[in-house]
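For reference, the structure is listed below as structure tokens.
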Amino acid sequence: MDIYDSVIELAKRRGFLWNSFEIYGGTAGFYDYGPLGAMLKRRIENIWRDIYVINEGYYEIESPTIGIENVFVASGHVGGFSDPLTECQKCHESFRADHLVEDVASNPDTLTPDELSVIIKENNIKCPDCGGELGGVYEFNLMFSTSIGPGSKRVGYLRPETAQGMFVDFPRLLRFYRDKLPFGVTQIGKVYRNEISPRQGVIRLREFTQAEAEIFVDPRDKSHPGFDSIRDYTLSLYSDHNQSSGQDQIDMSLGEAVDLGIIAHQFLAYALAMTHQFLVRVGVSPERLRFRQHMKDEMAHYAIDCWDAEILSDRFGWVEIVGIADRTDYDLNAHSRVSKTDLSVYVEYDEPRVVEKVVVKPDMGKIGPAFKGKAKAVMDALKSMEFGNLSYSKSNDMISIQVDGEQVDIPPDMYEVQQVTETIHGENIVPHVIEPSFGIDRIIYAVLEHAFREEEVQGEDDVKSKNEVRDEDKGRIVLGLKSEVAPVQAAVLPLLTREELKGPAKEIESALKHKGVMAAYDDSGTIGRRYRRNDEIGTPYSITVDYDTLEDGTVTIRDRDSMKQVRAPADTIADTIHDLIHGYTRFEDAGTPIA
RNA sequence: GCGCCGAUAGUGUAGUGGUUAUCACCGUGGCUUGCCAAGCCAUGAACUCGGGUUCGAAUCCCGAUCGGCGCACCA
């Protein structure tokens, strides 16, 4: 049993992750989050919100999980991600049918699968690899489709990413942020991809949760106002160059990486730093985390630079858990084109620019009668003329222009050339998008695997030596979750199952709950067993009520990782635990150490 | 989607063509228990599904589903 198996077994047994629809045999690519898993997930999402929404100020929105066809036509998911495939009946290799018929069909990408099948048959096209017979063409699209309303007239798709919902809201968002760049927006939600063969547990799912930020920036200025604060922040970077030259990732400060041009610009570097902070805060091991740059041929054609946060897993090696890309203006332009909506921002200059221009002023009183129906076209043609030099403009020549494909001569008395001074206050630009995209489910797996450990427990041969029954079984399984993400934050345990201890313990449990601390009361089994039970689900602190509690009002707090204990007052225990969980108090300072 | 391998209580497992399917952990109730998976009593819980062969199938065969690995795929 490797670590993956151990983690999945623990997650299943203790209520973190379950295969969905189990009583019906299950379906690949779907997982349920059990009680502890859902709690862990929510806590991780809320830390993400704390960083992106509260601290960076990128408000969260919520758009439908079903999108209309045009949205995904514009995004390229309908055309680009819907491939007609055919499979060789002999060697079972799959091919793009539209590519195979390129030589015999003029418009292969507009053909339906049935039409492609016919063409392949008629032209006797064989498998390019082995010459075998090709099977029928079928449409393969990663998107789940559905129909909207009765009659199945309108096709809808389950979104394959949350990003499009934010791009589509761009005009509203721009107005919300009072027409100024840069601004960002976030969304956490379910997305759907009909994977061919989902595997590896929660690593590749058909329904999963993304947390994405879309940050709209001025393409001419990708500096970040907070860059100085992260200039010395050092990350493990695995650049395109390092990959192609066979080197490993190297530690480098972000300042250096931007200066050397390894990371395209400050905004992207800042996004990397935030990603790192988030991942480490939720419990990804920094030693098993790196940022890998996409190679040139791997990057989407529209992207400028793209980095994946990857975690090292025991079984799968490096696994991508976050993608951070500069998507340029690709998406906004695409939606602008398909929706016929202006998705640009008017950016004011710092100083208005005074521009001297030479313009042609048509004399419509003469042009109108002279050209009648064509007058408007002539006027437009004249106005759109550009005068590169003033000398020409000053001459009073006959102007020859093309109007509707025929040459028209405009005599000098029909126009006037003027030099004008214009004050321009700004211009319209389409913003570029910086997009960090988090795969929450993969992050959860990373957190579980990196937190998982089995350790030897030493030094209890004195008191319990009379019960030397299971001396082989001294190991304990610990889920060393960060206290901030642990589902159960404190266990409340009466030392013995006796009424006089149960009462005070239950009071402490309810005091903790009032403070918003997820506390679990447990009086079943010996104290050691209950500690172990809580170690396994990552409960960071256990509070034990004993007979001293009844006398001097103190309880034992036991630290999951060190197994050390301190004695602290019971009446302020909720505050103490709260402060411990959020890192305001260190465990050693939470009470008096006991041997 | 292709190939190989697998599927037994909640978890990990043993096992055989033939009566109540093994063991451990686990859960629950009780006794015990004064700080790191003690003990005792009682109790709960499984042969993935469908078809076939057979007097009889959890066991053999076929298919499906799920899982693992390799290939393909991963905008």
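Proteins come first, then strands; the chains are lettered A, B, ... in the order of their sequence lines, and each starts at number 1. Please read all numbers here as calculations on a predicted model, not as lab measurements. These numbers come from the heavy atoms of this one structure, side chains and all, not from hydrogens, waters or symmetry mates.
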Counting any heavy atom closer than 4.0 Å, what does [X] reach on the DNA or RNA strands: base, sugar-phosphate only, or nothing?
X	value
Glu298(A)	nothing
Arg315(A)	sugar-phosphate
Gly525(A)	nothing
Phe316(A)	sugar-phosphate
Tyr24(A)	nothing
Arg558(A)	base
Glu22(A)	nothing
Thr27(A)	sugar-phosphate
Phe30(A)	nothing

Let's see if you can work this out: which of [options] has an atom nearest to the side-chain heavy atoms of [X]?
X	options	value
Ala28(A)	C66(B), C73(B), A37(B)	C66(B)
Arg529(A)	G27(B), C74(B), C26(B)	C26(B)
Thr497(A)	G34(B), C35(B), U32(B)	U32(B)
Leu142(A)	A75(B), C35(B), C66(B)	A75(B)
His77(A)	U11(B), G68(B), A75(B)	A75(B)
Ser524(A)	U11(B), C35(B), U28(B)	U28(B)
Thr556(A)	C66(B), C36(B), C35(B)	C35(B)

Do the rings of His335(A) and Phe167(A) sit parallel, tilted or perpendicular, given the 30° and 60° boundaries? tilted
Should the ring pair His77(A) and Phe72(A) be called parallel, tilted or perpendicular, given that the plane angle runs from 0 to 90° and is split at 30 and 60? perpendicular
Verify the distance criterion only: is there a donor paired with an acceptor across the side chains of Ser313(A) and Glu449(A) at less than 3.5 Å? no
I'd like to know if the side chain of Ser542(A) pairs up with that of Asn534(A) as donor and acceptor (distance under 3.5 Å, no hydrogens or angles considered). no
Please measure how far the [atom1] atom in [N] lies from the corresponding atom in [M], and state the result in whole Å.
N	M	atom1	value
C26(B)	U53(B)	P	45 Å
G30(B)	U13(B)	P	33 Å
U59(B)	G27(B)	P	32 Å
A21(B)	G44(B)	P	14 Å
A14(B)	U28(B)	P	27 Å
C74(B)	C4(B)	P	25 Å

Considering just the side-chain nitrogens and oxygens of Arg567(A), establish if one lies under 4.0 Å of OP1 or OP2 belonging to C35(B). no
Just name whichever nucleotide pairs with [N], Watson-Crick or G-U, keeping both distances under 3.5 Å, else none.
N	answer
C71(B)	G1(B)
G44(B)	C26(B)
G63(B)	C49(B)

In whole angstrom, what separates Arg498(A)'s CZ from U32(B)'s P? 8 Å
Shortest non-hydrogen contact from Leu268(A) toward Ala325(A): CD1-C, 4.1 Å
Using only heavy-atom distances, decide whether a donor-acceptor pair under 3.5 angstrom links the side-chain of Gln565(A) to the base of C35(B). yes
Is Ser197(A) side chain donor-acceptor paired with the A72(B) base, going by distance under 3.5 Å alone? yes
Would you say the side-chain atoms of Glu195(A) pair up with the backbone N or O of Leu142(A), donor to acceptor, closer than 3.5 Å? no
